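Okay, structure first, notes after.
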There are 2 protein chains.
Amino acid sequence: MRNRPATSVTIADVARAAGVSTATAARALGGYGTVRRDTLERVTAAASELGYRPNALARSMITGRTQTIGVIVADIENPFFARVTRAITDVARASGFEVVLANSDEDLEAERAAVKLFLDKRVDGLIVAAASNDDGAHLAEARATGAHVVLVDRRVRGTDFDTVLVHNRAAARDAVRHLVAAGHRRIGYVSGAMAVRREGGATAGRPRAISTGGDRLTGYRQALKEAGLAGDLAGDYVRVGGPRRQDAFVQTMSLLELGTPPTAILATDSVIALGVIQAVRAAGRRIPDDVSLISFDDTEWAEVLNPPLTVIAQPVYELGARATTLLINRLQGDTAEPRHVRLTSTLVERGSVAVRP
Amino acid sequence: MRNRPATSVTIADVARAAGVSTATAARALGGYGTVRRDTLERVTAAASELGYRPNALARSMITGRTQTIGVIVADIENPFFARVTRAITDVARASGFEVVLANSDEDLEAERAAVKLFLDKRVDGLIVAAASNDDGAHLAEARATGAHVVLVDRRVRGTDFDTVLVHNRAAARDAVRHLVAAGHRRIGYVSGAMAVRREGGATAGRPRAISTGGDRLTGYRQALKEAGLAGDLAGDYVRVGGPRRQDAFVQTMSLLELGTPPTAILATDSVIALGVIQAVRAAGRRIPDDVSLISFDDTEWAEVLNPPLTVIAQPVYELGARATTLLINRLQGDTAEPRHVRLTSTLVERGSVAVRP
DNA sequence: CTGAAAGCGCTAACAC
DNA sequence: GTGTTAGCGCTTTCAG
């Protein structure tokens, strides 16, 4: 039960038809070495006549390059990662690279498995939004076998890969400052970074630290401290659950059920924001009257909401694009010191933050 | 500048270490043929000791199978395709397949190029949401070279691939009936299926018919006719532009500027809906008071909108999952007649349809 | 500029 | 059950 018909035309067929050796045909078709103008034309003609298509597998086996990039994100359904991935495929394709995709669901094991499989397929490089900020052994191993890796959106302690990140601490800090300036004193933080088993339905993950979360939390705390709000209470307003809407819903509910619930919430991505919004409504409160909201990511529906959502707009496309450029440069021989790109996000004020007297 | 270190451990190394032939080592490691219990253990031990990892390229060259599926969608950033893709990767991975991704932007040329590249890489099969409903030559060619193809979401005339589709005509018809029942007489239709050049910023595509659009339009027209609304005017309320929000915005505007604008609009996906909503607001009208709206796809933000959006919920995940199961079955030797799966969507009534006296 | 020959890492016959 | 041998389709020395 062969998948490929035995009749697939090879370089040998083309060579025969053109009356040259396979080596020459290969040079003509592969665009390397040197061939005389007319032989090149003869070979090219024969190739297109026969409908020759190169076998990338055979080529890769020798060159050691597959022109393929492995991408690992938490979940392609999250608009943030969808956009990062879109950027990656755009830039990759423009340089002749293909993209293989894997979702980790914030699960380190899944990430490890994906890395292994990608490596077996000999991807030239990996772009990963790491599920853990302190376990990068599998990535280091990947590097050791010859694959280049670039970290996108999230750092990993103890590694020295190229990174393309956003100034998360500053972004969170500025958002909280904005809330403080509007008169808020009890400010919640809802995030999602626990691994999730999809089939289970329910969140079945263990808490797992990711750098984005850590940095944002630091920024949040810093702004609170600046404002003299870092009392014992502060910790009570931090909620970290799974990355899905339902998870954020639950976390937010637990915040709203507090005796003195927060008057404002910072959500760490648009999916989380959705959960927050639904929880606020389910609790019979209103945005922004009862609860103000700022969310990371300028999602497509942010301005269509009522009230329109105040957000921290991250340069998401650029994140993916820069990571890919970096990676491709490495693949082309750039051996300089690790590069660390930091992009800046912007607070886009809309209508979800109320001023409190 | 080799990408791979020359020191990569091969099956020969493992064989030597285990004191067996490469063939036996390969059998043990590849899980085919037969090996005695203890030799298997010896080989496995040697392999893990040396850190052996199979070279999928070499294996694929012989077996003719890469355990890879090529996926071509219009745009991974569209939540519909993101979910389809998520489903595909989930099912694929569970069966040991990898997924390579390409975006066509509804551009047939881009789709053709992607198919070529995927074929060169010897993907086992293709799952595609075709950019054109009447040009499937490139897909037929793919099939001819040995790759199986499954069509998802969209049919292609003149081909007999397996398909997994939604009952689009019925869905659109039911939506329009719902609008008619609510008293609407002037019902608009906004869709997007023209190819788009991303870099250009502006829509630079030519109109291109896709089956989804055709079927929905048929359903729309059918319901209009049933209701005796299929006069000359009917055609005036149909607008087809590019697949992006801005495109839908423009199309909707042209609808709203009419002397007798529609009192209701059917949007063919969530991105289009967003453009419609923004246009309605920009025109100073309100949903649902001035313009009612029904959109295809139960997007994540639909119920969070004000008013919550009435939608046609498509079984998006299932669409991708079924397509993948079908494909994998083919790869495993299923040679039955082409299969055509039709899934049903549901109208989810929320608050964006007003009853007109 | 072109050809002959070797070989990438693995699997598939075919012996034994 | 295991080893030997050939060879997948291509690139890469190395001669000429």
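Remember, it's a predicted structure, so these values are computed and weren't measured experimentally. The chains referred to below are lettered A, B, ... by the order of the sequence lines, with proteins before strands, and numbering in each begins at 1.
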Strictly by modelled atom types, are B/Lys121 and A/Thr68 linked by a side-chain donor-acceptor pair under 3.5 Å?
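On atom types as modelled, these side chains qualify, holding a pair under 3.5 Å.
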Between the side chains of A/Thr89 and B/Asn103, is a donor N or O closer than 3.5 angstrom to an acceptor N or O?
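Note: A/Thr89 and B/Asn103 side chains meet the donor-acceptor criterion.
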Determine whether a donor-acceptor pair (N or O, by modelled atom type, separation under 3.5 Å) exists between the side chain of A/Arg330 and the backbone of A/Ala336.
yes
Donor-acceptor contact present, side-chain A/Arg86 to main-chain B/Ile76, <3.5 Å:
no
State which of [options] makes the closest approach to the side chain of [X].
X	options	value
B/Ser21	C/dT11, C/dT2, D/dT4	D/dT4
A/Ala23	C/dC10, C/dA5, D/dG1	C/dA5
A/Asn55	C/dC8, D/dC10, D/dT4	D/dC10
A/Ile11	D/dT11, C/dC10, D/dG9	D/dT11
B/Ala26	C/dC1, C/dT11, D/dT11	C/dT11

Is A/Asp120 paired with B/Arg59 through a side-chain N to carboxylate O contact shorter than 4.0 Å?
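So B/Arg59 does not pair with A/Asp120 through a salt bridge.
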In this structure, how many angstroms lie between the [atom2] atom of [N] and the [atom1] atom of [X], rounded?
X	N	atom1	atom2	answer
B/Leu50	C/dG9	CG	P	14 Å
B/Ile62	D/dG9	CD1	P	11 Å
B/Lys121	D/dC10	NZ	P	15 Å
A/Arg122	C/dG9	CZ	C1'	9 Å
B/Gln67	C/dT11	CD	C1'	15 Å
B/Asp13	C/dC10	CG	C1'	13 Å
B/Arg16	C/dC10	CZ	C1'	15 Å
B/Leu57	D/dG9	CG	P	14 Å

Considering the terminal five base pairs at each end of the helix from C/dC1-D/dG16 to C/dC16-D/dG1, what angle separates the two local helix axes, rounded to 10°?
30°
Counting only side-chain N and O atoms of [X], is one of them less than 4.0 Å from OP1 or OP2 of [N]?
X	N	value
B/Tyr32	C/dC10	no
A/Thr24	C/dG3	yes
B/Thr34	D/dG1	yes
B/Thr10	C/dG9	no
A/Thr22	D/dC10	no
B/Arg59	C/dC10	no

B/Arg339: which of B/Asp334, B/Thr163, B/Asp162 passes side-chain hydrogen bond (donor to acceptor under 3.5 Å, both in side chains):
B/Asp334
Need one value for B/Ser60: base, sugar-phosphate or nothing, where a base atom within 4.0 Å counts as base even if backbone is also close, heavy atoms only.
nothing
What's the spacing between A/Arg65 CZ and A/Phe97 CZ if we round to 0.5 Å?
5.5 Å
Please determine whether any donor N or O and acceptor N or O are separated by less than 3.5 Å between the side chain of B/Arg27 and the base of D/dG3.
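Yes, the side chain and the base share a sub-3.5 Å donor-acceptor pair.
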How do B/Ala58 and B/Ala25 order along DNA chain D: which one's closest nucleotide is nearer the 5' end?
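Residue closer to the 5' terminus by nearest nucleotide: B/Ala25.
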Among A/Arg154, A/Arg155, A/Arg157, salt bridge (Lys or Arg N to Asp or Glu O under 4.0 Å) partner for A/Asp134
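With A/Asp134 as partner, salt bridge (Lys or Arg N to Asp or Glu O under 4.0 Å) holds for just one option, A/Arg157.
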